[in-house]
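Have a look at the structure below, then the notes.
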Amino acid sequence: MIKDAKALGINISRAAEAGIAKAIAAEKTRRWQEENKEAIESSNEYVRKSGLPLAKYRPF
């Protein structure tokens, strides 16, 4: 795989950094969603029961 990357002129260090950054962002998102799961579910339940707040002001 590394030979292929070098043959294609891919900067391995930069590609690795990009992959790590993507993994970090995904994990931070997952953790935030887990930490805020209760609030998200509560908000979704409110919208299911009552509709969107201020929906009557939406132009579409």
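Taking E45 as the reference, R48 meet the side chain to side chain donor-acceptor pair (under 3.5 Å) condition, with sequence neighbours excluded. Under the side chain to side chain donor-acceptor pair (under 3.5 Å) criterion, R31 pairs with E27, sequence neighbours left out. Scanning for side chain to side chain contact (heavy atoms under 4.5 Å, CB included) contacts around K37 gives E34, E41, with sequence neighbours left out. Applying the side chain to side chain donor-acceptor pair (under 3.5 Å) rule to R58 yields no partners; only residues at least two apart in sequence or on another chain are considered.
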Exercise answer: donor-acceptor pairs, residues 7-26 side-chain atoms, under 3.5 Å, sequence neighbours excluded:
residue	atom	partner	partner atom	Å
N11	OD1	S13	N	3.1
N11	OD1	R14	N	2.9

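Hydrophobic side-chain contacts under 4.5 Å tie I40 into a cluster, directly or through other members, with W32.
Rounded to the nearest 0.5 angstrom, R30 CZ and E35 CD are separated by 9.0 Å.
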